[in-house]
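See below for the structure under consideration.
Quick note: numbers below take in every heavy atom, side chains included, and nothing from hydrogens, waters or symmetry partners.
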Amino acid sequence: MNKQYKKIGISGGTFDPIHYGHLVIAEEARETLELEKIIFIPSGNPPHKVGCGVTPAEYRYEMVHRAIGSNPFFEVSAIEIEREGYSYTVDTLNKLRGMYGEDTVLYFITGADVIPELTTWKQFEQIFEMCEFVAALRPGYNKEALIKEIELLKNNYMAKIHIMDTLLIGISSTIIRERVRGNRSIKYLVPEKVEEYIREKRLYR
């Protein structure tokens, strides 16, 4: 008899701010892979964002908390924010593995454009052993090249990577920050509670 594993999705990122693009991809992954829940993990001190003026973690955490409130399958974790030093995915996965045990399969949800960069991540081979990746593929992305990249990672490192087609949602955190700076509306780009929080704290001015 096949052993039944729990299945949990992980959505990491700076979420500066979180927007509907993040939420749609997470929900799509939850439904497609029949995941029990999605854990959003705002990065604490991302090494690739040093000197980029990332908004303090407490604000980004609060925006995620407000954004996911209406979805019982979503939750937010502060494990990267509470950890000192740079936020490395391998450390986060080790922590989650300790929390959920070996009976849980962790699915790391990310954009397809991140897949070719995975071998630059700290201890990437260990990461491939600890989780399976879900590559969210936007319309127009070169699927053939992605499949070749995935085959390479599978053959060289036994990586497990799923391709997930997603809706075309051309929203980015960069666009939202620019629109706020330009006194333009961000309505329908972020959840209403996030929009209110950005206004209340005067973020991205």
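Across M63 and I18, no two heavy atoms sit closer than the pair O-CG2, 3.7 Å. Shortest non-hydrogen contact noted between D113 and P116 is O-CD, 3.4 Å. The minimum heavy-atom distance linking V76 with I68 is given by the pair N-CD1, 3.6 Å. Nearest approach of G9 to I109, heavy atoms of both residues: CA-CD1, 4.3 Å. Nearest approach of S70 to P72, heavy atoms of both residues: O-CD, 3.6 Å. Considering every non-hydrogen atom in both A135 and A112, the closest pair reads CB-CA, 4.1 Å.
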Let's go through T166 and M164 carefully: what are the C-alpha distance in whole Å and the side-chain angles of both, what is the deciding distance for side chain to side chain contact (heavy atoms under 4.5 Å, CB included) to 0.1 Å, and is it a yes or a no?
CA-CA 6 Å; T166 60; M164 182 182 74; 3.7 Å; yes
Apply side chain to side chain contact (heavy atoms under 4.5 Å, CB included) to residues Y20 and Y188 and explain how you reach the verdict.
CA-CA 8 Å; Y20 277 122; Y188 312 125; 5.5 Å; no
Decide yes or no on side chain to side chain contact (heavy atoms under 4.5 Å, CB included) for K6 and D103, but give the supporting numbers first.
CA-CA 6 Å; K6 296 176 185 171; D103 289 346; 5.5 Å; no
Worked verdict on N142 versus L146 for side chain to side chain contact (heavy atoms under 4.5 Å, CB included):
CA-CA 6 Å; N142 188 335; L146 177 65; over 6 Å; no
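Of the possible donor and acceptor atoms, none in the side chain of R177 sits under 3.5 Å from a partner among the backbone N and O of R205. Formation of a donor-acceptor pair under 3.5 Å by the K122 side chain with backbone atoms of V90 is not found in this model. The backbone N or O of A29 lies less than 3.5 Å from no partner atom in the side chain of T32, so there is not a single donor-acceptor pair. Between the S77 side chain and the I39 main chain, no donor and acceptor come within less than 3.5 Å of each other. Between the side chain of R179 and the backbone N or O of S185 there is at least one donor-acceptor pair closer than 3.5 Å. At distances below 3.5 Å, not a single donor-acceptor pair connects side-chain atoms of R30 with backbone N or O atoms of E36. Checked by atom type and distance alone, the side chain of S87 pairs as donor or acceptor with a backbone atom of G44 at under 3.5 Å. A donor-acceptor pair is defined here as one N or O able to donate and one able to accept, closer than 3.5 Å; such a pair exists between the side chain of R60 and the backbone of T14. Here the side chain of D16 pairs a donor or acceptor atom with the backbone of T55 at under 3.5 angstrom.
Here S11 contributes atom OG and F108 contributes atom CZ; the two are 8.0 Å apart, rounded to the nearest 0.5 Å. Between the OH atom in Y107 and the CD atom in E34 there is a gap of 9.5 Å [rounded to 0.5 Å]. One finds the OH atom of Y61 at 11.0 Å from the CD1 atom of I41 (value rounded to the nearest 0.5 Å). Between the CD1 atom of I8 and the NZ atom of K37 there is a distance of 5.0 Å, given to the nearest 0.5 Å. Taking CD1 of I161 as the reference point, atom SG of C131 lies at 9.0 Å (rounded to 0.5 Å). Here the CD1 atom belonging to I127 is positioned 14.5 Å from the CD atom belonging to E132, to the nearest 0.5 angstrom.
Contact check for L153 versus F128: side-chain heavy atoms found under the 4.5 Å cut-off. The shortest side-chain heavy-atom distance between P17 and Y204 falls under the 4.5 Å cut-off. The closest side-chain heavy-atom distance from H19 to L189 is not below 4.5 Å. Taking 4.5 Å as the limit, every side-chain heavy atom of W121 sits out of range of all side-chain heavy atoms of T119. Here the side chains of L35 and I38 are in contact, with some heavy-atom distance below 4.5 Å. Under the 4.5 Å side-chain criterion, counting only non-hydrogen atoms from C-beta, E195 is in contact with K187. By the 4.5 Å heavy-atom criterion applied to side chains, Y197 and K193 are not counted as neighbours. In this structure, I163 and I147 have side chains that are in contact, with non-hydrogen atoms separated by less than 4.5 Å.
The aromatic ring centres of Y157 and F124 sit less than 6.0 Å apart.
Counted within 6.0 Å of NZ on K7, heavy atoms from surrounding residues, nucleotides or ligands total more than 12; the atom is thus considered enclosed. At most 12 heavy atoms of other shown residues, nucleotides or ligands fall within 6.0 angstrom of atom CZ in R202. No more than 12 heavy atoms of other residues, nucleotides or ligands sit less than 6.0 Å from atom CD of E192.
Relative orientation of the F15 and F40 rings is tilted, given thresholds of 30° and 60° on the angle between their planes.
With hydrogens and angles left out, the side-chain atoms of E80 and S43 include no donor and acceptor closer than 3.5 Å. In the model, R97 has no side-chain atom that pairs as donor or acceptor with a side-chain atom of T104 under 3.5 Å.
The hydrophobic cluster containing L33 also contains F74, counting ILVMFWY residues as joined when their side-chain heavy atoms lie under 4.5 angstrom apart, directly or transitively.
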